[in-house]
Amino acid sequence: MARVNGSDCRAPVHTDTADGSHHGCPRRVKWLFEEARYGVCRSMPNEPGFLDEDLERARVAWLYFIGGQTQQEIAQRMNITRLKVNKIIGQVRDSGAVQVSVSLPLTDCIELAEEVSHRYGLADAVVVPDLDDYIEQKRVIGEAAGTLASELIEDRDMGVGIGSGRTLSFAVRALRARPRSESWVVGLTGGVTSGSSTNTFEVATAFARALGIECHYLTAPIYCANPESRDAILLNDELTDVLARTEIADVGIVSCGALTQDTSLTQIRVVKDNLDTVLKRGAVGEFMGWFLDAQGRPIDHFLNESIIALPPEKLKLKPISVLVSGGIRKIPIIRAILRAGYVNRLVTNEGVARALLQGPR
């Protein structure tokens, strides 16, 4: 994992201060690494080839210990010999640089996170290396988001809004925070009829259980048959109370989706029946169930008028809003969300980060 705006010794960065000194804030990478055996951070020696060698070690270690790849897979991916991979893994293990997580910085990921943050005006960004396995990629993105969320939530009194999706379900594994007992979790969308482990009800419940706090649900379908049906459902006072909680929650942790045929959202009958018209009207993806165009604007379609979910414009008002999503298929919708400024933090993978830095903002 690599991030900016954090104090993690594994990925330190610095900035110029008024007095000309430098310390741990974002802007320019200071090229530090952790000597775990001494428990300190120190500057990397200014020797030819040192940075490339250390980056190679960091990437091998990450792919092996975090990404779960075999030595042969790593050798093929990085175009080095398996013997070299084995040697690096042994060196990293013996040095104590790997504990629960790899303690060497992936400096190229740090740079990407910094550049994406600057381009889109984000408060923070986390970029993880690319993995070929689709599910493993979701796992490492999700777990990185869980680590970030823990830092934001620890020992605070706050409402935490949670979206849905497999990537967010993986985030629960890395939650280590304990907010104050008055805190609560709320699902930000209504539910879908399939994909139970990634449904907003299950994901929100898992977050609440991991954090040890209560949970509130929008106990309604994410899409109603028409706007009139939505209005009728919202006559229920308890449901409108929960919808109000989605708006006042301090934190929003959400994902997004491409409009392909293999997602739980596009399998909902009303979406499946209208997917062609949704695409024709310019939708590039969905965000908390809202169908957005390339500029991040909700398209003109009755599904966007029949949805039970927090509106993107309301998420934009939150002090902390985190988009957790990756994969090449999602680049258009991720870019649209960032263009519209709906979130102030991003967790994604290298390939997406590089694409976000290309072409028009």
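We're numbering straight along the sequence, starting at 1. Because only heavy atoms are used, hydrogens play no part in the values below, and waters and symmetry mates are left out as well, while side chains stay in.
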In this structure, CD of Glu286 is separated from CD1 of Ile299 (nearest 0.5 Å) by 12.0 Å
Within a reach of under 6.0 Å around CD of Glu238, are more than 12 heavy atoms found that belong to other residues, nucleotides or ligands? no
The reported gap from SG in Cys256 to CD1 in Ile337 (rounded to nearest 0.5 angstrom) is 4.0 Å
Margin query: Between Asp250 and Lys318, does any NZ, NE, NH1 or NH2 come within less than 4.0 Å of an OD or OE carboxylate oxygen?
Written below: no
Q) Charged N to carboxylate O under 4.0 angstrom, Arg59 versus Glu350? A) yes
**Item:** Derivation and outcome, side-chain contact (heavy atoms from CB on, under 4.5 Å), residues Tyr342 and Val254
**Value:** CA-CA 11 Å; Tyr342 292 137; Val254 295; over 6 Å; no
Arg269 atom CZ: more than 12 heavy-atom contacts under 6.0 Å: no
#### Entry: Note, Trp184 side chain near Met158 side chain (heavy atom, < 4.5 Å)
no
*With distance as the sole test, does Lys330 use its side chain to make a donor-acceptor pair with the main-chain N or O of Val352 at under 3.5 Å?*
no
Between the CD1 atom in Ile80 and the CD1 atom in Ile74, the distance rounded to the nearest 0.5 Å is 8.0 Å
- Item | Electrostatic pair Glu73-Arg77, nearest N-O below 4.0 angstrom | no
Per side chain to side chain contact (heavy atoms under 4.5 Å, CB included), Val60 is matched among Val85, Val92, Asn86 by Val85
Are Leu346 and Leu338 close enough, and set up right, to give a side-chain contact (heavy atoms from CB on, under 4.5 Å), and what steps lead you there? CA-CA 9 Å; Leu346 172 68; Leu338 296 182; 4.1 Å; yes
Return the orientation label for the Phe201 and Tyr217 ring planes: parallel under 30°, perpendicular over 60°, tilted otherwise.
perpendicular
Transitive ILVMFWY side-chain link Leu234 to Val270, under 4.5 Å: yes
Residue pairs meeting side chain to side chain donor-acceptor pair (under 3.5 Å), one or both in residues 220-229, sequence neighbours left out, come to Asn226-Ser229
### Query
Taking the side chain as C-beta and beyond, is there a heavy-atom pair between Ile308 and Cys224 under 4.5 Å?
yes
Asp157 vs Pro179 side-chain heavy atoms within contact, under 4.5 Å: no
- prompt: Which is it for Glu56 and Lys84 under the side-chain contact (heavy atoms from CB on, under 4.5 Å) test, yes or no, and what are the steps along the way?
  reply: CA-CA 11 Å; Glu56 182 178 67; Lys84 185 171 185 179; 3.0 Å; yes
Only residue of Val343, Leu148, Asn344 satisfying side chain to side chain contact (heavy atoms under 4.5 Å, CB included) with Val322 is Leu148
Leu152 and Val251, any side-chain heavy atoms less than 4.5 Å apart: no
Distance col, row Ile162:CD1 vs Ser164:OG, nearest 0.5 angstrom, shows 10.5 Å
Given Arg345 and Val324, is the side-chain contact (heavy atoms from CB on, under 4.5 Å) satisfied, shown in steps?
-> CA-CA 9 Å; Arg345 288 165 173 81; Val324 183; over 6 Å; no
Partner of Tyr134 under side-chain hydrogen bond (donor to acceptor under 3.5 Å, both in side chains), picked from Arg329, Arg166, Arg139, is Arg329
Check the surroundings of atom CZ in Arg281: do more than 12 heavy atoms from other residues, nucleotides or ligands lie under 6.0 Å from it? yes
